[in-house]
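Structure, as structure tokens:
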Amino acid sequence: MTESVKRVELIGLPGLPLIETGDDVFALISDGLDSSGIGVQQDDVIVVTSKIISKAQGRWVDLTSIEPDEAALEVAEKCGKDPREVALILRESVRISRMRMGVLITEHKLGFTSANAGIDHSNARPGEQWRLLLPENPDHD
């Protein structure tokens, strides 16, 4: 009896540009697949990070536009984070699950648990004030 071989292969899509607000991510991926010669076969899975969807949706927040309320100030003092970032984390969450110095583990309003409500600031925009929120409706786009 011959068993079929199962394998997992990860292939990065070359030439995909940096995603900007308003970009059509599906079209960019489709064009990238066509131009690279990477064929999509039955049972293939295309994985798209939430970060590029968030960028395309324009989910940027400038911390200088955030005015922390009393709750954010209190939590920020306990965890040692910027009160404006804490206000943003609380806005994106339904509850705090755990708190440690420098990090909040929260239940996001989308229903999952993550650090700092999944808010990203690594490799985002120049300047320390920018944060990128998770996509508004990741199951829709």
Side-chain angles (χ1 to χ4, degrees), residues 2-141:
T2 305
E3 290 186 39
S4 64
V5 177
K6 303 283 184 188
R7 74 178 205 198
V8 173
E9 185 176 7
L10 301 175
I11 302 170
L13 185 58
L16 194 63
L18 291 176
I19 303 301
E20 300 290 339
T21 300
D23 281 350
D24 183 340
V25 175
F26 176 76
L28 290 170
I29 291 171
S30 180
D31 291 347
L33 288 168
D34 289 344
S35 66
S36 70
I38 298 173
V40 179
Q41 301 173 12
Q42 184 175 345
D43 297 328
D44 280 356
V45 175
I46 297 175
V47 178
V48 179
T49 67
S50 61
K51 187 169 190 169
I52 69 169
I53 300 301
S54 293
K55 285 179 159 186
Q57 288 181 347
R59 300 280 290 152
W60 297 106
V61 177
D62 183 344
L63 284 185
T64 63
S65 70
I66 303 293
E67 184 67 38
D69 61 10
E70 191 62 38
L73 293 170
E74 184 179 314
V75 171
E77 187 175 324
K78 291 178 183 176
C79 71
K81 293 182 74 62
D82 183 321
R84 300 167 303 169
E85 186 168 22
V86 170
L88 193 56
I89 292 167
L90 295 177
R91 185 176 86 188
E92 292 294 301
S93 303
V94 294
R95 71 181 185 91
I96 297 172
S97 298
R98 293 183 70 196
M99 186 181 328
R100 299 179 99 171
M101 192 53 76
V103 69
L104 294 171
I105 305 300
T106 62
E107 182 180 337
H108 192 276
K109 61 187 177 183
L110 293 172
F112 50 85
T113 301
S114 65
N116 302 320
I119 296 171
D120 190 2
H121 67 276
S122 63
N123 301 316
R125 282 185 168 168
E128 289 296 314
Q129 79 274 14
W130 290 101
R131 299 299 183 266
L132 186 62
L133 307 180
L134 289 172
E136 286 184 340
N137 185 350
D139 294 330
H140 181 266
D141 288 338

Contact summary for K78 and M101, nearest pair of heavy atoms:
O-CE, 3.9 Å

Hey, mind stepping through I66 and R91 against side-chain contact (heavy atoms from CB on, under 4.5 Å) and telling me if it holds?
CA-CA 11 Å; I66 303 293; R91 185 176 86 188; 4.0 Å; yes

Nearest 0.5 Å, what's the CD1-CD1 distance between I38 and I29?
11.5 Å

I'd like to check S97 versus R95 (side-chain heavy atoms, cut-off strictly below 4.5 Å). Are they in contact?
yes

Within a radius of less than 6.0 Å around CG of L18, do more than 12 heavy atoms belonging to other residues, nucleotides or ligands occur?
no

Is the shortest heavy-atom distance from the side chain of L134 to the side chain of I119 under 4.5 Å?
no

For E67, the side-chain contact (heavy atoms from CB on, under 4.5 Å) test, sequence neighbours excluded, returns none

If only atom types and distance count, is the side chain of R131 paired as donor or acceptor with the main-chain N or O of V61 below 3.5 Å?
no

Other residues, nucleotides and ligands only: do more than 12 of their heavy atoms fall within 6.0 Å of CZ on F26?
no

Find out whether C79 and R98 are in side-chain contact, i.e. whether some heavy atom of one side chain is under 4.5 Å from a heavy atom of the other.
no

Look at E92 together with R59 and state whether they make a salt bridge at an N to O cut-off of under 4.0 Å.
yes

L16 CG to I52 CD1 distance, which is reported to the nearest 0.5 Å:
6.0 Å

Could you tell me which non-hydrogen atom of A72 sits nearest to which non-hydrogen atom of P83, and how far apart they are?
CB-O, 3.8 Å

Check whether any side-chain heavy atom of W130 lies under 4.5 Å from a side-chain heavy atom of L63, and answer yes or no.
no

Considering all heavy atoms of both residues, which atom of V25 and which atom of I19 are nearest to each other, and what is their separation?
CG2-CG2, 4.3 Å

Quick one: closest heavy-atom pair of P68 and R84, and the distance?
CD-CG, 4.0 Å

Under a 4.5 Å cut-off applied to non-hydrogen side-chain atoms, are T106 and L90 in contact?
no

Please round to the nearest 0.5 Å and tell me the distance separating atom NE2 of H121 and atom CG of N116.
8.5 Å

Counting distance only, does the side-chain N/O of D44 pair as donor-acceptor with the main-chain N or O of Q41 below 3.5 Å?
yes

Would you say the side-chain atoms of S36 pair up with the backbone N or O of L33, donor to acceptor, closer than 3.5 Å?
yes

For E136, is there any backbone N or O sitting under 3.5 Å from a side-chain donor or acceptor partner on Q57?
yes

Test side-chain contact (heavy atoms from CB on, under 4.5 Å) applied to I96 and I105, step by step:
CA-CA 6 Å; I96 297 172; I105 305 300; over 6 Å; no

Any I89 side-chain heavy atom under 4.5 Å of E85 side chain
yes

Close side-chain approach of T49 and S54, heavy atoms under 4.5 Å
no

Taking the side chain from D120 and the backbone from L132, do they hold a donor-acceptor pair closer than 3.5 Å?
no

Closest non-hydrogen atom pair between Q129 and D62, with its separation
CG-OD1, 3.0 Å

